[in-house]
Every structure is written in structure tokens, then in C-alpha cells.
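First up is the structure itself, then whatever we jot down about it.
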There are 2 protein chains.
Amino acid sequence: MARGSTRPTSRDVAQAAGVSQAAVSLVLGDKWRGRVSQATAERVREAARDLGYRPNLAARNLRLGRTRTVLLVVPALTTEFFAGVYTGAARIAAEHGFGVVLYPSPEGIGPARDPFASAQSALDGVIASSMAADALTAIRGEALPLVMLDSDPDGSLGAATVNLDIADGIRQAAEHLLSLGHRRFLHLAADVPSWTFEVRARELAARLDEVPGTTVRTARSPISIEGAVTAAQAALAAPGDRPTAVICDDDQLAAGTYKAARRLGLRIPDDLSVTGVDDLALATAMDPELTTVHLNAELFGERGMRALLAVLEGRAPESGDIPVRLVLRGSTARAG
Amino acid sequence: MARGSTRPTSRDVAQAAGVSQAAVSLVLGDKWRGRVSQATAERVREAARDLGYRPNLAARNLRLGRTRTVLLVVPALTTEFFAGVYTGAARIAAEHGFGVVLYPSPEGIGPARDPFASAQSALDGVIASSMAADALTAIRGEALPLVMLDSDPDGSLGAATVNLDIADGIRQAAEHLLSLGHRRFLHLAADVPSWTFEVRARELAARLDEVPGTTVRTARSPISIEGAVTAAQAALAAPGDRPTAVICDDDQLAAGTYKAARRLGLRIPDDLSVTGVDDLALATAMDPELTTVHLNAELFGERGMRALLAVLEGRAPESGDIPVRLVLRGSTARAG
DNA sequence: GATTCGACGTTATACGTAAAACCTAGGGGC
DNA sequence: GCCCCTAGGTTTTACGTATAACGTCGAATC
């Protein structure tokens, strides 16, 4: 195809078709109705095909002042959750002629590298998870159209937000465990400063406060299976009456709790009920399968992208949280 | 910062500093030794800072004809393996002033969407996993500098390859199980056409053929925990002497095998030994912990990026496969 | 005192595209 | 016969940057 030398430009196509460069631009940009004859348009398209012409995106972006590319800033890709968010966002983007570039907040790449230098590409807008804390300040400075995922609607300084109804999910989990007779809880919380985790803590405390006789311990852990093992083990082995139910901020923490329970000789769900949040593949791989709050990651990404498109077009984004639901499996049982 | 109107250009900076646009370019491009006085350079830098100037990447890319951006094409982001590859590649890229854009091969986005349209950005080169099959033909057509990950060194048409020494890993696993007395094997293979899986099958067959009295069944499964459950269950329950050891193409398949074993009432490792490949976080979360071939994903990404940089500079990429090692844990035991 | 030279800049140009402004011929209306 | 309109193009310009080519002025060389 490419003759080894340099890529063909629209001028090369014009020459091959015997027209001006402007005509090529009109035809290929589909703006030729009434400006170029049917026959000429066909000649141009044929020449472009023969030469293997691909428009130079740098030139187009420069000319148009926009790139039809948005950045998706995520905390990490160590679980399939944000992969799902990306899939949803990319699908909607593709339907509107946009591309999505992923920016996983760097761990070990360097101290808070600038996402915009990294993407090396001008951007029309940004979708950012509130969990990608170190990238957020840089994003703010750019004054780009911005949609925040799982972020405080009041504290987001006017940026559009798209949220999962995580409060309702935690409420469902608490309700479920209460109805099974549990009264002594452990909240295994993610040690990450993000609204989405603050909500979990607030909602859980609020609900359990309403029920007389309940107690709740809180332990904090980094979001990883290994980290959760030590945190859960310490919290479960602490003096005082042992909790009978553990509410984990996500499925990885729940997996760590399983391992901690094994080490302590506790059986799930007989001695200890456990719930998670996310519904990763991990959740059904464990023994017993994990009762967890299912999050629709792809829908989350879709809604995020739709909101950004709305912002870009000056429309108001769709409002309302995305519903979630507790999936009952084998890790929860009647308090013994 | 940006006054709500439009972003400042190098010309705005020039005006603010009382110099020409060319001088701004020289100073900010660090090419001013002997061409601009120290004092003027400082004035320019200050003006740029005050205005919040950011160079327009589209313009720079157009002018230079390169983008210092490479594309990393991966099959999926459902495990942390390719997240590690990205981290390694991005680290090396950053050291050389490059950015890395991730392109997860689409599942459900559309029929083989063009990665280059998607990235919406001109690219200097591509690093592609051989597992991202549907994207590969599009990549070939672009005649871009290309590095293949885990691809057949002979069949890659001259593209540079960087490979894990997966053959050695499988050999270590087979050796380990043979030394424990196992003779009846199940190979749970990934149902994905990729060199990296062909190598596993070939190497395993070759090693077991050398030992008289061994038998090996093969089952194929899509790469997911759920998919592996059915495949492993069927293969283990098939008529004939049951295998005593299962060699899985990756850890997700191993996790599925655990679940299948539970359903069949088989205990690991007493009734069944299991090995995997990858060493995901999953591997140590399972009970018992999984004996598996540890792959250094970050090093893999680093080597891939280094090879691409070499290609871009016309040097020969470093050769030699990346070593791997079997990590012994609790899922393998003496054949009963 | 003419020449050279380095320090310090400026002017001009090109990258490839999109689109506004312009041109030309032929036909229809009056 | 003149005017205007439309179809079917072309010429020109601008996007913002990097850099090659070109000045200028004072000091140093011979």
C-alpha cells in the first residue's frame, strides 16, 4: 500500500483524480451535494481507495480545533470493573464518531504524571473516576468539559456527575443481613479517599443506628486481596464479641476476608456472613459464592459518555442514579 | 486560567514577552543555547507560565510528522495481566518522552472497529498482543513500526517479537507434576487462536511423550472462569480413568477447574492437582493457593516498549525470551 | 579600516486539512 | 438583450508550531 516513501495526502488524491484538493475534501467529507457532480465524486473516491489514502488526523484536528477524542481516567485496571466502564463508554462514543483513550492513573510510572502530556493528543473532554485522585487536580486546571463518575454531586464544582446508587446497594446489604438476625457487624472499608466509599460508610452507619442493639466495627484496607487479608484478620481477631457479618466495600476485600476467615478457622457462612460490592467474576469463583451488590459497569460507562456528549452539545445531561441490586448467593446465612 | 475564550498560543506568549513567535518556540523547545539571551529566555518562560500556555499538540504533530505516541493493542482488560503490561510499557515510554494509548480489542463495541480510527490520533508505532486477533489485519495494513507480543517469531513477517519463555514454564509445570508421580493429565486449553497457546500445547505434548505410560486428555475453554467450569467438569467426568493432574493455560481456567472439582466432589490437591499460568491475585486468593507459572507482566511491557523504541531508531531490538518460573503452592501434591 | 564572527534575534515557510470566498458557463425569466 | 441563478468546480486562507534562512550590531582579528 504505502509505497515505502510517504503517505499519500489529499493533494495526491486530487492529482490522481484530476481535481483540486478542495474537491477531494468536499467529497470525502460528504459535503458535496450540489457542489460536485456524481461522476466526479465517484472518481475521487476511487482515487482515494487506489492510493490507500488516510486523512492526516493531526492536520484535521488542527484545522477543526477538535479531536472527537475523549479521555477516560480510571484508578487502575486490576479488576474488570473499569474495563466494563470503558467498553460501555467506547460503544456510545463509537456511535457518535468519537474515540476513547484510556488513562489508568499511574502506579509506579512516576509522581502524578500529567494525563494530557501522556495522552499526547488534544482532547474534547474528560470522563474521570473520582477514585483517580492524583490525576484530578491536573484535570481541573485544563478547563475541559468534564464528567465525574461516582463523585459528590454537591462538591463537584458544577461538573456533571454520573453516579451508581451505591447508597441503595449498601442499604440492601444491611437490610438483608439484619433480616437474617445479624447484629454485630464489621465494615471492611476501602482505604481510598473517594466519595463512593464515603457514601458506603455514611449509609451503613445511618441504617444500623436505627436498629437498637447493633454494633459495628470499622477496619480500613487498601483495595487488594492481599491487603484485605491482614486488615480483616486483625479486625476479626480483635478483643470483644466477634462480628457475625462483614460488609466489604468491594469484592476484592471480600476475597481477602474469606482468606482471613480460613486462617482463623471461621466457616463462611456458618460462622461468618460476608457481602461485597461489584460482582466481579471472582464473586462466583469463590467457595461459597459471594453475596454481593451487582454494579452494571457497562451501563455506567454508557451513561458517563452520554453525559459528556450532552455537555459538549450544551444540553443538560440525564439525571438520576443508576440502580444496583444485591445478588443473594452462598456467603450469607442466618446468624448462628 | 483559560479566560473562557480560547487557549493562548505561542504567538500570545510572544506578544506578552515582547519577542517573536520563533523565539518562544526556541526557548520552550530548549533549543536556545547561543540563540537567545538568558534574560530573554526567562522572560519568555515567565510569560508562558502567566498565560497558562500549553502547546497545541495537533499543530506540533502536524509540523513534526510524528506524535511520540504509540498504541498498545491488548485482547481485553478483564485481568490484571495486561494492566501490568501497560504499566511497564508506559514507564519506559515516559522515560523517552512517549505516551502510550491503550486499545482493548473490542468485545461488543462493533465488528472489528479500526483501532486507528478509534485512537483518533496519529501514531508512531504499535505494540500488539497476538491474542488481539481481530485487530491484527487492520494493523498490518498501516505499515507502521510494529512489535508483536507473544507471537510466532518465524511467522511474524519480519515484525519484531518479544516473547515470554512460556515453553519453559509449561516444561517446569510438567516436570513438577511428573516428579510428584502423576501420569494421567488433563490439559485445559484456551480456545483462542494465538501462538502463545499453541506453544503450551506443543511443549506439553512433547515432554509427556518422552515419559512412557503417561496419558493426556485435552479440553478447550474460552478464557473465563465460568467457561472453564463447564469444560473442566465435562472433561473430568468423561469415561475412562480420571486424570490426577490438570494443567491449565491460565489462572482463570484453573479457577474454573476448582469450581468443577467442588461440584464433582474432588478435593484439591488430594484427589486432583492443578496448575495455572499468569500468577494473578486470584491465584493466592483461592483455597488452596494455586501452583502456577509466574509471568512478569511489567517486564514484558517494558521489553515491548524498548523493542519498539529500537525499531523506531533503526536499531536491532534486544533478543531472547523473558524467563518465567513455576511458583509452588498448595494445589499440587503427590499422586494418590 | 576592512573583514570576520558570534550573540541575539526576526522573517518566512511548510506541515495537510476544511471551508469560505470566488469564478465561469449556460439556461431561464422578463 | 440583460440580469440572475445554479451547478460545478477552483483559489485562497487559516489552524499553531518548528525551524531554515536571513539580518544586525558590536567586538575582535589582521
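In what follows, every heavy atom counts, from backbone to side chain, and hydrogens, waters and symmetry copies are set aside.
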Tell me, which pairs form a salt bridge (charged side-chain N to carboxylate O under 4.0 Å, His left out) where one or both residues lie in residues 304-319 of chain A, sequence neighbours left out?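 Sorted pair list: A:Glu302-A:Arg306, A:Arg303-A:Glu318, A:Glu313-A:Arg315.
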
Spacing of [X] atom [atom1] relative to [N] atom [atom2], expressed in whole Å:
X	N	atom1	atom2	value
B:Arg11	C:dA12	CZ	P	12 Å
A:Lys31	C:dA20	NZ	C1'	13 Å
B:Asn61	C:dT17	CG	C1'	14 Å
B:Asn56	D:dC15	CG	P	11 Å
B:Arg54	D:dT17	CZ	P	13 Å

Do other residues, nucleotides or ligands put more than 12 heavy atoms under 6.0 Å from the CD atom of A:Gln21?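 Yes, CD of A:Gln21 has more than 12 neighbouring heavy atoms, counting only those of other groups under 6.0 Å.
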
Decide yes or no for [X] and [Y]: does some side-chain heavy atom of the first lie under 4.5 Å from some side-chain heavy atom of the second?
X	Y	result
A:Tyr103	A:Leu123	no
A:Ile223	A:Phe197	yes
B:Pro104	A:Leu102	yes

With sequence neighbours excluded, tell me which residues meet side chain to side chain donor-acceptor pair (under 3.5 Å) with A:Ser20.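 Partners of A:Ser20 under the side chain to side chain donor-acceptor pair (under 3.5 Å) test: none.
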
Who passes side chain to side chain donor-acceptor pair (under 3.5 Å) against A:Ser25, sequence neighbours left out?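 None.
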
Where is the tightest heavy-atom contact between A:Leu308 and A:Pro145, given as atom of each residue plus distance?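 Heavy-atom minimum between the residues: CD1-O, 3.9 Å.
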
Testing the basics here: between B:Arg66 and B:Asn61, what is the closest heavy-atom pair and its distance to 0.1 Å?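 Smallest heavy-atom distance, with atoms named: O-OD1, 3.3 Å.
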
At a cut-off of 3.5 Å, list every protein nitrogen or oxygen paired with a nitrogen or oxygen from nucleotides 25-27 of chain C, distance to 0.1 Å.
none

Can you pull out the residues from residues 34-47 of chain B that lie within a 4.0 Å heavy-atom distance of DNA chain D?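 Correct list: B:Arg35.
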
With no hydrogens and no angle check, is any side-chain donor or acceptor of A:Ser37 less than 3.5 Å from a backbone partner on A:Thr40?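 Yes; at least one donor-acceptor contact below 3.5 Å.
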
Salt bridge between A:Glu46 and A:Arg43, side-chain N to carboxylate O under 4.0 Å?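 Salt bridge between A:Glu46 and A:Arg43, a charged N being under 4.0 Å from a carboxylate O: no.
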
Within residues 12-28 of chain A, which residues have any heavy atom lying less than 4.0 Å from an atom of DNA chain C?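 The answer is A:Gln21, A:Ala22, A:Ser25.
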
Relative to the 5' end of DNA chain C, which residue comes earlier, A:Ala59 or A:Arg66, by the nucleotide with the nearest heavy atom?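 Per heavy-atom nearest nucleotide, the more 5' residue is A:Ala59.
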
May I ask you to say what B:Leu62 touches in the nucleic acid, namely base, sugar-phosphate or nothing, with a heavy-atom cut-off under 4.0 Å?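 Since a base atom lies under 4.0 Å of B:Leu62, the category is base.
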
